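Just so it is clear, the structure is predicted and the values come from calculations on it, not from any experiment.
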Amino acid sequence: MVDELRKEVPCREELLVEYEDLCRRIEADAVAMLEGKTSDQVLGTGRISP
């Protein structure tokens with residue numbers, strides 16, 4: 001979906017930012033699970049800074 005949003009003209013920047021943030025959070029959660037932790041423990045806040 002992120003790739004599709006990047007190709008749109010005009011770009012729906014707000015939606016693209018939201019999807020990119022969602023992807024980063026999913027990735028952080030996956031890494032945390034593989035490390036046996038929660039993303040809150042890994043990141044300290046549960047959110048990823050851009």
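The shortest distance between side-chain heavy atoms of R6 and E20 falls below 4.5 Å.
Scanning for side-chain hydrogen bond (donor to acceptor under 3.5 Å, both in side chains) contacts around E8 gives R12, with sequence neighbours left out.
Under 4.0 Å is where a charged nitrogen must lie from a carboxylate oxygen, and between R25 and D29 no such pair does.
Grouping Ile, Leu, Val, Met, Phe, Trp and Tyr residues whose side-chain heavy atoms lie under 4.5 Å apart, directly or via other members, places M1 in a hydrophobic cluster with V2, L5, L15, L16, Y19.
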